[in-house]
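Worksheet for the structure shown next.
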Amino acid sequence: MSAVYKREMSGYFNSAIAYVVIAMFFFFSGTFFYYDCFRQDFAGLSYVFGDMFFITMFIIPILTMKTFSEEKRQKTDQALLTSPASLFEIVLGKFLGALTIYAVCCSMFLVYGIVLSAFAKPQWSVILCTLLGIFLLGAALIAINIFISSLTESMVVAAVVGMGIGMIIAAMDYFINSIPVDWITFIMEKINFLNYYKNFTYGILSIVDVVFFLSVTGLFLFLTTRVLERRRWS
Amino acid sequence: MIEVKHLTKRYGKLTAIKDISFTVDTGEVLGFLGPNGAGKSTTMNIITGYISSNEGTVTIDGSEILEEPKKTKQKIGYLPENPPLYTDMTVRKYLEFMFDLKRVRLPKAEHVDEVMRLVGLSKHGKRLIKNLSKGYKQRVGFAQALLGDPQVIVLDEPTVGLDPQQIIEIRKLIKSLGKKHTVIFSSHVLSEISETCDRIIIIYGGKIIADAKADSLYEALGSDRRLSLSVEGNAGEISSELNKIPEVLRVKRVESDKKVSRFTLDYKAEADVRRSVFNAMARINCPIIEMRSGDESLEDMYLRLIEKAKGGER
């Protein structure tokens, strides 16, 4: 697993992807930080986090689009799959690689918190709680997008589908309001990422929310190993 | 060392390989020969565990790849048709990554050095793989397969796209590997295989059509004897007369000018038709200018076998 992880990290930094993603994340979070905190004279990061929810939906597919699609296209997956590493180790290595880049992105919020401290007394508990929320949200999205990447040989398709799914997740509230069938809205309510993410931004650390994101992450990592396994047999 | 039993692989409706069985002994170099699309790569992909077969088993040194994948895969070094290279890495970084991935338990720096020296990459450790030529990329792929000194080395068309000098080097390398390792390598060039391998398996249409030791290939494949013949006279008349000789299997006109026609004549291995040919030509008063016996070349034999297999399909 550590070999795959190291390879992923070197892959991210050898290509422009890591820099582009981190730069985009810093740019947007910085812009939101300026508008939501300085312009509004507000000593909390809740709005910044709220806005970043949507940006995350677009950034993560870019981060993960290559993970399996490119391996398959370049046939480098032959090296991975004929090595003694198990499928889950391979998937986990790739997941942790993407998660590390994402964690670097998120670490910027700590800087914003420190900047705020210079002017006011921000509630650190809320900031840290939200930070955990956006981290868990990212982990779940990374898992979903790695799964999407394992389904195709084209990283463009992986990125576009990933962004499409991200938009659906982000706009779930609108869908829920416009669908009149009760049982469908009930299910959608249950899988609405925003519902679980919101609590973190209020500073509420609830076990339900944490478990939700961890389960989504686990589920899609598992599904990815199934896709790889199935490919051997088809 | 390697035991392959009744492998069958289907891609949807298409059957890529059908009921393939063979064994390879320790230290043997096995050549896998067949035209493109015959099922060579599929078989190799199954042996190395990249894909799974629909039926049949592969056992390597007593362990089965589906039951003990970790243990079994550690025994195999594989160079697929397209070397699986991460082109954004340097040669050395890539080999170190593969070293870790394969969980080799040898001193890392020394072992990577040794493998790089073996394939002639010592001076290129710091170059990015994407900047290497095709031949050097192939060498990196080769090096990767050698990492960890695996008992079994599987090479899928290792010489394709290399220049003659490199081909000779790679062949030498394969030969030297055969002393310590069990090697399976595939090619669609027969001369290459007959030169390097102890044993040859010819595969066509997903089936094994021949399996023989390299030095007894002629006998094992039931090869016929061949005669080259130049005769003066009417070509049609000559060939019909030649065909009348009972031991003659095939008469083929190679070329003819106004006076002299050249033929090749295949006849049964146990017979000697030279006298009958002489008599036959004397009867129709056509002088034999040249008669030379020469066995069927390996290439011809290979093509004939494939023709035969094609015929069997129809």
Side-chain angles (χ1 to χ4, degrees), chain A residues 1-21 63 65-94 96-98 101 149-150 153 155 225-234, chain B residues 9-12 14 16 41 44-54 65-66 68-90 93-105 108 128-130 140-141 144-145 147-148 150 152 154 156:
Chain A
M1 188 199 79
S2 67
V4 178
Y5 173 76
K6 270 193 248 166
R7 153 68 212 153
E8 281 302 293
M9 294 308 283
S10 86
Y12 281 129
F13 284 102
N14 285 343
S15 67
I17 288 187
Y19 302 105
V20 167
V21 164
L63 191 61
M65 62 184 179
K66 264 172 89 170
T67 40
F68 281 102
S69 58
E70 195 68 0
E71 298 266 359
K72 196 180 173 198
R73 206 172 63 82
Q74 304 279 5
K75 308 223 168 171
T76 44
D77 60 339
Q78 279 186 309
L80 294 180
L81 298 179
T82 57
S83 79
S86 71
L87 287 178
F88 194 70
E89 286 173 84
I90 294 167
V91 173
L92 200 61
K94 287 187 170 282
L96 291 178
I101 305 284
S149 176
S150 75
E153 265 187 54
M155 58 180 180
T225 64
R226 290 296 92 193
V227 170
L228 297 178
E229 179 68 29
R230 209 187 138 259
R231 204 189 282 159
R232 293 172 47 139
W233 296 93
S234 60
Chain B
K9 176 72 182 174
R10 285 180 288 267
Y11 295 112
L14 183 93
S41 296
M44 294 184 138
N45 278 335
I46 293 171
I47 292 174
T48 54
Y50 177 58
I51 55 174
S52 299
S53 59
N54 297 96
I65 199 140
L66 281 178
E68 302 168 279
K70 273 189 196 182
K71 198 175 140 202
T72 317
K73 284 175 178 173
Q74 244 169 344
K75 293 177 186 163
I76 309 173
Y78 182 31
L79 169 62
E81 206 171 346
N82 301 298
L85 306 175
Y86 292 102
T87 51
D88 58 354
M89 295 173 112
T90 64
K93 279 268 153 57
Y94 169 73
L95 290 176
E96 283 175 355
F97 157 67
M98 288 306 291
F99 182 97
D100 291 340
L101 187 70
K102 293 181 171 199
R103 294 185 199 157
V104 181
R105 288 205 192 88
K108 190 165 168 178
L128 280 178
I129 294 177
K130 64 177 154 203
V140 180
Q144 162 274 126
L147 282 173
V152 174
V154 179
D156 196 354

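Within every chain, numbering begins at 1; the chains are lettered A, B, ... in the order of the sequence lines, protein sequences first and strands thereafter.
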*Where on B:Leu101 is there a heavy atom nearer than 4.5 Å to chain A: the side chain, the backbone, both, or neither?*
both

_Given 3.5 Å as the limit, does a donor-acceptor pair link the side chain of A:Asn14 with the main chain of B:Asp88, or not?_
yes

*Indicate the atoms forming the closest heavy-atom contact of B:Ser52 with A:Arg232, along with that distance.*
OG-NH2, 2.8 Å

*Mind checking whether A:Ser10 and B:Met89 have side chains closer than 4.5 Å, heavy atoms only?*
yes

*If every non-hydrogen atom of B:Lys70 is compared with every non-hydrogen atom of A:Ser86, which pair is closest and at what distance?*
CE-CB, 4.3 Å

*Would you find more than 12 non-hydrogen atoms of other residues, nucleotides or ligands less than 6.0 Å from B:Lys75 atom NZ?*
yes

*asked:* Please enumerate all residues that pass salt bridge (charged side-chain N to carboxylate O under 4.0 Å, His left out) together with A:Glu229, with sequence neighbours excluded.
replied: none

_Out of A:Lys6, A:Glu71, A:Arg7, return the one with the most heavy atom pairs under 4.5 angstrom to chain B._
A:Arg7

*asked:* If we define contacts as heavy-atom pairs under 4.5 Å, which of B:Leu79, B:Asn54, B:Ile51 has the most with chain A?
replied: B:Ile51

*Side chain, backbone, both or neither of B:Phe97 within contact of chain A (heavy atoms, under 4.5 Å)*: both

*asked:* Could you work out, with side chain to side chain contact (heavy atoms under 4.5 Å, CB included) as the rule, every residue matching A:Tyr19, not counting sequence neighbours?
replied: A:Phe13

*Toward chain B: residues of residues 74-82 of chain A with heavy atoms under 4.5 Å*: A:Lys75, A:Thr76, A:Asp77, A:Gln78, A:Ala79, A:Leu80, A:Leu81, A:Thr82

_Verdict with reasoning, B:Tyr50 to A:Arg231, per side-chain contact (heavy atoms from CB on, under 4.5 Å)_ = CA-CA 10 Å; B:Tyr50 177 58; A:Arg231 204 189 282 159; 5.5 Å; no

*Among the listed options B:Tyr94, B:Tyr86, B:Phe99, the residue most often paired with chain A at heavy-atom distances under 4.5 Å*: B:Tyr86

*Sequence neighbours left out, what passes salt bridge (charged side-chain N to carboxylate O under 4.0 Å, His left out) with B:Arg103? Give chain and number order.*
A:Glu89

*Where on B:Tyr11 is there a heavy atom nearer than 4.5 Å to chain A: the side chain, the backbone, both, or neither?*
side chain

*Heavy-atom contact with chain A under 4.5 Å, split by part of B:Lys9*: side chain

_Only pairs of heavy atoms separated by less than 4.5 Å count here; which of B:Thr87, B:Leu128, B:Leu66 has the most with chain A?_
B:Leu66

